[in-house]
Amino acid sequence: MKLELRGITKRFGPLVANDHIDLVIEPGQIHALLGENGAGKSTLMNVLFGLYEPDEGEIAIDDAVAKFSGPADALAAGIGMVHQHFMLVPVFTVAESVMLGHESTRRGGLLDLDAARAKVRELSDRFGFDVNPDAVIEDLPVGVQQRVEIIKAMARDARVLILDEPTAVLTPQETDELIEIMRQLREAGTSIVFITHKLREVRAVADVITVIRHGKVVGTAEPSAPETELAAMMVGRAVSLELDKAPAEPGDVALEVQDLLVLDPTGARVVDDVSFEVRAGEILAVAGVQGNGQSELVEALLGLETPLRGSVRLGGEELVGLSVRQVLDKGVGFVPEDRSHDGLVGEFSVAENLVLDLLFDERYRRGLSVDLAAVQANATARIEEYDIRTRGPAQPAGRLSGGNQQKVVVARELSRPLKLFVASQPTRGVDVGSIEFLHRRIVSERDVGTAVLIVSTELDEVSALADRIAVMYRGRVVGVVPGDTPRDVLGLMMAGVPLDDAQRQAAENPTTETLLEEGEAP
Amino acid sequence: MSTVVEKPAPTPAPVPAPAAQSVSVRPSLRIPIILGVLALVALAVFGFGAKSGVDSTFGLSLRADAVQLSPLVVASRPTAIVLGVLCVAIAAFAFWQAVKHRRTPAWLLAVFGVLWVFAFLVWAVAGKATSLVDLLQGSLLLAVPLAFGAFGGVLCERAGVVNIAIEGQLLVGAFAAAVVASVTGNVYAGLLAAPVAGWLLGLLLALFTVKYAVNQIIVGVVLNVLAVGLTSFLFSAVLKPNAATLNTPPLMKPIGIPLLEKIPLLGPVLFDQTVIVYAMYVAVVVLTVLLFRTRWGLRVRAVGEHPEAADTVGIDVNRTRWRNVLAGSATAGFGGAFLTIGYVGQFGQEMSGGRGYIALAAMILGRWTPIGSLGAALLFGFATKLASALSVLGTPVPSQFMLMLPYVLTIFAVAGFVGRVRAPAASGVPYLKG
């Protein structure tokens, strides 16, 4: 099936998310759609899937114009989509999830679950998945949930499969398996639209690459194009992907975490006897797939969550039991993982957000009132220093782009003397230009002697920033390794394999990406 | 094919999950402790507190019954003590299970409940007599509006709309049934009018919550106020002056089911009832099958749990919600008919008297399932009936305490004492497309 997008335009108020986009997806091709967060890739695919109605332009299937008024039409036309946030009902079984929307029934209109189970087994066998049709979705790991999504699409005979940022939640090894699945699907004649902002993956699997920037197609590229060229197309200027940083000069132990145990409301151990230390002037990165206890670990450090036992010492002082305010006053700076929920008040101005947790500070206080002039001066200075693109200090922070919002949060947290800087997902959903800036800023904070703890699910980020890496899996620290540990080893550790085994296995089975980097692949 | 493709994909090493992963550090002793306290109350207060040397008498047949059973007479004190000891034994077993990280089976909890209630009854009736048939029959009748209200709630909430307006729907249903039945002189015409009235109120609920995405709780409360205001106004302005023509509906007659009604004890309780009670039996079965065994049910549940997911497989979320809100509201309205033409015999101002809210509680206690809702409604009906029966007997417990029981039970249920209570995930959240 040949799928064509002709001059698709989609506006949200004044924002043009897609600006006359033309795209041709040939049968049996893996077509990568490369672009930064917010470039308009997902909007385009939601238009294609019938979730959004385009303001202009049309969709053509095998040269005939098709009109989609909803996902049902797109599904009927043979288009399947695996969304970035999975569209699975947590309390349903796999079979129920797969049959939903096109249920086969028995006499009397009763659901034919046996047929659905058989379908799941058949597709599961065909692609070598190991998916139990009676498993409940919420009990499955994300990697398996993704397979359920693929089965869901294939059960409807999708001939074009859209994968929206499918690797965001996967370890490198799982990513490799997904790439294998994508190739299998291609062999079977399914076209794939692969949306991503990760250059390595694109080069590993794509047949054609279309790059989108600010809602427009800026060009196409061959998978053999060097990463720097792709990055330049994506960002619109030359970017350096490597972060130059001097070796760390670690001082004394600043943060000491010992036997920290945190339970979730159901009593499961989400942080399971975690111990590590961070020295002044070094960056320790906590790597791991989302949901392996990193968030809870950070919350426990900050006092947002009360650990059942264990201790957190900063410069010898115990932090467990202190309120968040007291912890911050001990010299802890904190960038939360979800900036729009926890890092900012979207309706407040940039100036206000820049002093959100500093209003107790003498600098911004005059008697009982806030020193508005000082707040204003601070805003002007920070906007300048961090190159925050805003229409002025009075603009609501929620209106800024992701990268600029993050700059506001980081600027605020680094605008007072710190002993420890904790940043969760410091560059999630941030454009490449801002990533560069934020990384440099974090390294310079290290260089003035602050202990830095980074939590990130992006291995690229971990490798770029870390002096040492702690890998977390199911609430435990699998191991603490040097910052230059190979990705394959880290990936295996992220799946719970201890360091020694990981090194051995990584040497035996290098991932596609690694081979590509070493020049052994196509 | 490249060399890479031919390589088997590296399988991740089997990961040894830490053994104590999902097991909490301390066993949860909440349920055993509650059982223990209750069991000790049963033993100390009901058992040893019962008057010695007297009997408790329970009637097992009504005078009109075909098969007459002789009343059950037990010696109050020894019986209550035995029941109390059994309760203590079950509590001890539950404690032992908890220590070993095992769950106490639900049926054992039910047995505990029945034993405990019997211990209480034996103690309360010591030296007197009460009719068990009357108690059960009364409970069933009181449960009818609650059950229909709860079914209406289930239908709405499973599709993701909170229906606080059950109270109002019961009220307009009761009103419409009374007026239509009076005017036509036909109870069954009244029975048909009630769901229409509920449906009309549902129309407003759906319009504001689904189409205009207004806060569902607020709309529900406003609709309840509207229903009270409207029926009260019509009652005093129209019904009162014309009570003879507009507010004297015929009452529904019980219809005995041949053979089944002859079963001792259960026959007269369950199978000599009005059409509306039989409708309840049918409704619970039909709703359960529809919700959990059919295409319609699967889609409704998907809409209530994860509307975006339903949308992406081509299910029209808001149309599903419209339909369910209307169906649920009509169901609750139907239940309202019982208040006038099934029980009291005329409409009275604000006669729903908070039953809609108790129905909501029954739905929660019943974990959003029709069967659970019916069970909870029966429990609440029993508590209410017991309160009135005991106040007639003049037992030591103030009847107000018994009337508190439904609410206390609901608070316990919502606080998670009967296992995890989980509402449909998208319940209360309007669905707006991007």
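Side chains are part of it too, since the values below use all heavy atoms of this structure and drop only hydrogens, waters and symmetry mates.
- Taking chain A as the reference chain and counting heavy-atom pairs below 4.5 Å, the highest number among B:V289, B:T312, B:D316 is found for B:T312.
- Atom NE2 in B:H306 sits 10.5 Å away from atom CZ in A:F86 (nearest 0.5 Å).
- A donor-acceptor pair is defined here as one N or O able to donate and one able to accept, closer than 3.5 Å; no such pair exists between the side chain of B:R293 and the backbone of A:L110.
- Note that CG of A:L100 and CD1 of B:I315 are 4.0 Å apart. Values are rounded to the nearest 0.5 Å.
- Annotation: B:R319, atom CZ; neighbour count of heavy atoms from other residues, nucleotides and ligands within 6.0 Å does not exceed 12.
- Shown here is B:F95, whose CZ atom has no more than 12 heavy atoms of other residues, nucleotides or ligands within 6.0 Å.
- In this structure, the portion of A:H102 lying under 4.5 Å from any heavy atom of chain B is its backbone and not its side chain.
- The contact between A:R156 and chain B is made entirely by side chain atoms (from C-beta outward), counting heavy-atom distances below 4.5 Å.
- One finds the CD atom of A:E96 at 10.0 Å from the CZ atom of B:F292 (value rounded to the nearest 0.5 Å).
- For the pair B:R299 (side chain) and A:G101 (backbone), a donor-acceptor distance under 3.5 Å is present.
- For the atom pair CD (B:E305) and CZ (A:F92), the distance works out to 7.0 Å, reported to the nearest 0.5 Å.
- The two residues B:D311 and A:P71 come nearest to each other via the heavy atoms O-CG, 3.1 Å.
- Smallest separation of non-hydrogen atoms from B:V313 and A:K152: CG1-CE, 3.8 Å.
- Residue-environment remark: CD1 (B:I371) stays at or below the threshold of 12 foreign heavy atoms within 6.0 Å.
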